[in-house]
Amino acid sequence: MVVSPKRRVTKAVIPAAGKGTRLLPLTKAAPKEMLPLGRKPVLHHIVDELLDAGIDQILFVVSEDKACIFKYFDDGSSRFSSVIQPVQRGLADAVLCAEEFAAGDPIAVALGDSVITSGEDAHITKRLLKAYETLDAACMIAVEEVPEADAPRYGIVKPKIEPSDVFEIDDLIEKPPIDQLPSNLAIAGRYILDASIFDIIRHLKPGALGELQLTDAIRLLLKSDRRVWCSKLRKTERRRDIGTFASYFEAVIAECCADKEFGEQMKKLSADS
Ligand code: G1P
């Protein structure tokens, strides 16, 4: 099948401007996205995932005090660039900082504090990009099943029909109250967005937590009759948010136990202790 160049995504944006206040004092020493996760910083895992999916230009959206992120990745090529988000007004605001970089092209968005491990040949980001090429979608979202009690912490989607591997949605809501859950499928930190999102964000009003929410912008896309599809994380895939000590420690243990050289030793150590 011949893919229109307009649907081939080669640019990705990594929002990484958050303050990391839940990981203090560690985040006074290094941004949370640069904390070690096994042999590489968190962000390096995400960058590798994107490069492996065929992305060849990556923009980091950072705050002023996070210049070390760009320095770490700068290899003298034009693959990596960064832009400063002057005030952290929410995820949609971070995405808006990428408008010039997108220059009218669709972009992948990968949250800088969400690492997804995968046992699949085609990782979730690869599957999102592939599906975007063939579907009439203005947006693709990775989703994961979460326990109902945890759902109010996430953006939750409402499938149009019984969800399969790839499915269309007709609504989504950021941090819904527990008695208004449209499903148990939570947005999992990976998106593909076409450039029409920028205009929508420019007119967006603050939503949950008083922030400009990307979920609300995608909802407006749906309201303007654009189509939004999701792809589900599979059983071998696991998203780990490194925003709190509990989830960061869990991610560190999992990564160390998967280490080619020391994994068995680490597994034994954590079983014994
Ligand atoms: C963000 C998104 C939310 C998503 C979550 C995990 O929330 O707004 O829709 O479910 O990431 O990917 P945050 O964790 O920044 O509150």
Side-chain angles (χ1 to χ4, degrees), residues 12-23 27 31-33 42-43 45-46 49-50 61-63 85 87-98 108-118 123-125 128 139-159 163 169 171-178 180-193 197 200-201 204-222 228-233 237-248 250-251:
V13 176
I14 306 185
K19 289 195 180 72
T21 44
R22 288 175 298 172
L23 293 176
T27 43
K32 65 175 170 177
E33 297 84 1
V42 167
L43 213 45
H45 290 272
I46 299 172
E49 172 196 323
L50 294 169
V61 180
V62 297
S63 53
Q85 182 187 12
V87 187
Q88 276 75 71
R89 296 188 303 157
L91 182 55
D93 181 56
V95 170
L96 186 58
C97 295
V109 172
L111 302 193
D113 58 6
S114 277
V115 174
I116 301 179
T117 51
S118 177
H123 190 283
I124 181 71
T125 298
L128 284 177
C139 167
M140 298 277 327
I141 308 173
V143 295
E144 63 180 325
E145 284 178 27
V146 295
E148 216 176 88
D150 295 342
R153 298 206 316 250
Y154 296 96
I156 303 290
V157 302
K158 177 170 176 275
I169 58 168
D171 205 359
L172 67 171
I173 171 164
E174 185 64 27
K175 312 211 189 308
I178 191 109
Q180 286 171 37
L181 300 178
S183 75
N184 68 338
L185 294 168
I187 298 172
R190 300 291 183 272
Y191 312 76
I192 314 292
L193 297 163
I197 199 75
I200 293 183
I201 297 174
L204 199 63
K205 299 215 166 50
L209 312 178
E211 295 180 354
L212 294 174
Q213 297 289 354
L214 186 57
T215 302
D216 293 343
I218 298 170
R219 195 168 202 211
L220 291 175
L221 262 184
L222 277 169
V228 177
W229 292 71
C230 295
S231 181
K232 248 203 284 187
L233 261 59
E237 290 177 312
R238 183 77 196 269
R239 186 186 70 88
R240 289 196 169 86
D241 183 323
I242 48 95
T244 66
F245 279 115
S247 54
Y248 172 56
E250 200 189 302

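Just so you know, these numbers use all the heavy atoms, side chains as well, and skip hydrogens, waters and symmetry mates. All ligand and atom numbering here is 1-based and tracks the order in the structure. Counting from 1, the numbers follow the sequence of the chain as shown.
Of all the atoms in ligand 1, the ones that sit under 4.0 Å from a non-hydrogen atom of Ala188 are 12 (O). Within ligand 1, the atoms closer than 4.0 Å to a non-hydrogen atom of Gly189 are 12 (O), numbered from 1 in the order shown. Each of the atoms 8 (O) of ligand 1 lies under 4.0 Å from some heavy atom of Gln213.
The two atoms that bring Ala217 and Ile200 nearest to each other are O-CG2, 3.6 Å, heavy atoms only. Across all their heavy atoms, Pro15 and Ala94 have their closest contact at CB-CB, 4.0 Å. Shown here for Ala17 and Gln85, the closest heavy-atom pair between the two residues is CB-OE1, 3.2 Å.
Considering both main-chain and side-chain atoms, Lys175 comes within under 3.5 Å of ligand 1 through a nitrogen or oxygen pair.
None of Ile187, Ile169, Leu185, Leu172 except one satisfies the side-chain contact (heavy atoms from CB on, under 4.5 Å) rule with Cys230; the exception is Ile169. Of the listed residues (Arg239, Glu237, Arg238), just one forms a side-chain contact (heavy atoms from CB on, under 4.5 Å) with Ser118, and that residue is Glu237.
From the protein, the heavy atom lying nearest to atom 14 (O) of ligand 1 is Asp241 OD2, 4.4 Å. In this structure, the protein non-hydrogen atom closest to atom 3 (C) of ligand 1 is Glu174 OE2, 3.4 Å. Protein heavy atom in closest approach to atom 6 (C) of ligand 1: Ile187 O, 3.4 Å.
A distance of 4.0 Å separates CD1 of Ile218 from SG of Cys139, quoted to the nearest 0.5 Å. The line from OH of Tyr191 to CG of Leu91 is 5.0 Å long, rounded to the nearest 0.5 Å. The line from CD1 of Ile242 to CD1 of Ile46 is 7.5 Å long, rounded to the nearest 0.5 Å.
Not a single heavy atom of Ala186 lies less than 4.0 angstrom from ligand 1.
Counting heavy atoms closer than 4.0 Å to ligand 1, residue Thr215 contributes side-chain atoms (C-beta onward) but none from N, CA, C or O. Contacts with ligand 1 closer than 4.0 Å are made by side-chain heavy atoms of Leu111 only, the backbone lying farther away.
Distance check for atom 12 (O) of ligand 1: a protein heavy atom is found below 4.0 Å.
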